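Okay, structure first, notes after.
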There are 2 protein chains.
Amino acid sequence: MPTPPRRGRGRPAAPVLSRERIAEAAIGLVEEKDYRHLTMSSLSKRLGVSTSALYNHVASKRDVMVLIQDRLNAEIDCSGFDAAPWDEALRLWARSYRRCYIRHTALIPIMAVLPVADSPETLQMYERVAHGLEQAGLDGAAVVDVIVGVEALVFGAAYDASAPADIFDPGSLAELAPTFTRLAAARAEEPGDSAERAFERALEALIRGLDDQLSAEVTGPVRA
Amino acid sequence: MPTPPRRGRGRPAAPVLSRERIAEAAIGLVEEKDYRHLTMSSLSKRLGVSTSALYNHVASKRDVMVLIQDRLNAEIDCSGFDAAPWDEALRLWARSYRRCYIRHTALIPIMAVLPVADSPETLQMYERVAHGLEQAGLDGAAVVDVIVGVEALVFGAAYDASAPADIFDPGSLAELAPTFTRLAAARAEEPGDSAERAFERALEALIRGLDDQLSAEVTGPVRA
DNA sequence: ACCTGAACACCGTTCAAGT
DNA sequence: ACCTGAACACCGTTCAAGT
């Protein structure tokens with residue numbers, strides 16, 4: 001078997017690290033384990049370097065998270081905006097977006113407040129969505145707000161989907177909340193993924209409501 | 001000036017800590033500074049005890065965060081559900097909820113996945129909302145989904161509102177996203193709080209869409 | 001420029017000792 | 001039961017030394 005490279009003390013002939021390799025290793029790490037195991041130490045071990053070597057390529061652990069997030073966002077499906085009606089395209093995008101972040105909720109606090117200037121793939125995702133919505137005839141002044149609104153729902157729904165199944169079981173506190181307890185219990189009885197159902201209901205409502213708003217704002221209705 | 005109590009080594013005559021005192025001190029801490037300054041060490045210092053003393057009353061730092069969250073949720077305005085129509089009550093609740101979490105985004109990852117059994121005030125908030133919605137004639141099978149949907153939007157919008165003002169400025173990456181850049185720039189020109197506008201638009205759309213859905217599901221329309 | 005290895009300033013948490 | 005103080009097993013980050 002090949003001996004681990006056991007590098008000497010000085011600068012290697014060719015760089016062994018790059019931002020790309022770091023991003024790849026970080027994604028591998030969080031997909032095998034979870035975000036609690038993503039440490040600068042575990043990351044450097046996986047890459048076969050000392051921990052401090054990482055800091056020649058990234059500024060901080062947060063920077064690593066930003067790299068992950070940018071790679072991830074490149075995989076989100078925006079294809080609907082090329083052909084489908086805007087409401088259907090928005091649905092497909094939102095579902096793909098949510099599905100992605102269910103397994104990466106640890107990135108949400110970063111992604112949600114990260115300037116797009118630090119994230120080229122994320123920016124290009126927004127471009128496809130914005131271009132598609134404008135092309136479909138949506139009021140330009142509303143486009144960014146629509147993106148922000150759908151995104152907000154997606155992030156919240158991703159958390160919800162990652163919550164334990166008994167999140168709405170009041171346990172010994174049931175008598176504090178009789179109505180809620182009854183409705184939550186009935187909901188838990190229904191088959192299937194209730195977090196997904198709630199998301200679909202809200203997404204449908206949001207899109208329908210946006211359609212109504214935007215139809216009212218322009219002379220003709222947006223929908224056919 | 002009163003000397004700090006400089007306790008001896010053994011058990012004090014009366015307990016100096018309680019979960020209530022800890023919660024109060026923790027909230028005071030995050031309101032003066034921010035969540036980066038909330039450490040078990042800073043908390044114990046504020047309470048005049050050693051750090052390990054905290055563990056006689058709470059199981060973990062996460063437990064402290066849960067205490068904060070529960071206290072906070074007790075302050076969210078659910079009064080609309082006593083009198084106003086359900087859609088207006090939902091609006092008031094969502095606005096109060098968002099406003100609260102803008103300054104406490106660090107709690108969102110906890111709050112969003114926390115079983116209600118661990119949080120009596122939160123449970124009672126849900127009870128008021130659920131009872132109000134059912135009383136207003138909403139389909140019982142939809143009530144919890146509606147709560148979940150509005151909450152998802154609220155959490156996402158709270159992040160958005162806490163983001164830096166230049167979050168959509170593409171900087172040197174502008175040519176990657178011409179449409180988005182143009183629309184984001186125009187949006188930034190508009191006076192006022194654009195995050196709040198986006199939230200209000202999405203909330204309005206969501207509620208209108210829910211109204212449509214729920215009117216279609218029952219025999220008579222829900223709205224007058 | 002880009003690596004290693006040691007060191008720094010924290011963290012949350014545990015636990016024996018004390019009353 | 002409920003405190004103190006010491007200790008543990010980490011963290012992310014910095015930096016001099018090496019090539």
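Note that the coordinates shown come from a computational prediction; the quantities given were computed from them, not determined experimentally. Because only heavy atoms are used, hydrogens play no part in the values below, and waters and symmetry mates are left out as well, while side chains stay in. Residue numbers begin at 1 in each chain, while the letters A, B, ... track the order of the sequences.
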Requested in this report: Check whether any side-chain N or O of A/H57 sits under 4.0 Å from OP1 or OP2 of C/dC3, and answer yes or no.
Outcome: yes
Requested in this report: Drop me the distance from A/H104's NE2 to A/C100's SG, to the nearest 0.5 angstrom.
Outcome: 5.5 Å
Query raised in the report: Would you say A/L67 and A/V58 make side-chain contact, with heavy atoms under 4.5 Å?
Result: yes
Query raised in the report: Within this structure, what is the NZ-to-P distance between A/K45 and C/dT4, rounded to whole angstrom?
Result: 14 Å
Query - Nearest-Å distance for atom pair CZ/P, residues A/R11 and C/dC2 - result: 6 Å
Query raised in the report: Would you call A/N73 and A/Y101 a side-chain contact if the rule is heavy atoms closer than 4.5 Å?
Result: yes
Query raised in the report: Nearest-Å distance, CZ (B/R36) to P (C/dC11)?
Result: 12 Å
**Report entry** Atom-to-atom span, CG of B/L54 to C1' of C/dC11 - whole angstrom
**Finding:** 14 Å
Query raised in the report: Any donor-acceptor pair under 3.5 Å linking the side chain of B/S162 with the backbone of B/Y159?
Result: yes
Query raised in the report: Just checking, A/R98 and A/F199: is the charged tip under 6.0 Å from the six-membered ring centre and within 45° of the axis?
Result: yes
Query raised in the report: Between A/R21 (CZ) and C/dC2 (P), how many Å, whole number?
Result: 14 Å
**Report entry** Intra- and interstrand pairs of DNA chain D - dot-bracket, Watson-Crick/G-U under 3.5 Å, | marks other strand
**Finding:** ||.|||||...|||||.||
Requested in this report: Please check if the side chain of B/S96 supplies one atom and the backbone of B/L92 the other of a donor-acceptor pair under 3.5 Å.
Outcome: no
Query raised in the report: C/dT19 P sits how many Å from B/N56 CG, rounded?
Result: 17 Å
Requested in this report: Can you tell me the distance, in whole Å, between the CG atom of A/L47 and the P atom of C/dC2?
Outcome: 15 Å
Requested in this report: Considering non-hydrogen atoms only, spot the tightest contact between A/A130 and B/F180 and give its length.
Outcome: CB-CD1, 4.0 Å
Query - Approximate separation, where rounding is to 0.5 Å, of A/I108 CD1 and B/F155 CZ - result: 11.5 Å
Requested in this report: Measure the acute angle between the ring planes of A/Y97 and A/W93, then classify it against the limits of 30° and 60° as parallel, tilted or perpendicular.
Outcome: tilted
Polar atom pairs (N or O), protein with nucleotides 12-14 of chain C, under 3.5 Å:
unit_1: C/dG12; atom_1: OP1; unit_2: B/K61; atom_2: NZ; d: 3.2
unit_1: C/dG12; atom_1: OP2; unit_2: B/M40; atom_2: N; d: 3.1
unit_1: C/dT13; atom_1: OP2; unit_2: B/Y55; atom_2: OH; d: 2.7
unit_1: C/dT13; atom_1: OP2; unit_2: B/K61; atom_2: N; d: 2.8
unit_1: C/dT13; atom_1: O5'; unit_2: B/Y55; atom_2: OH; d: 3.3

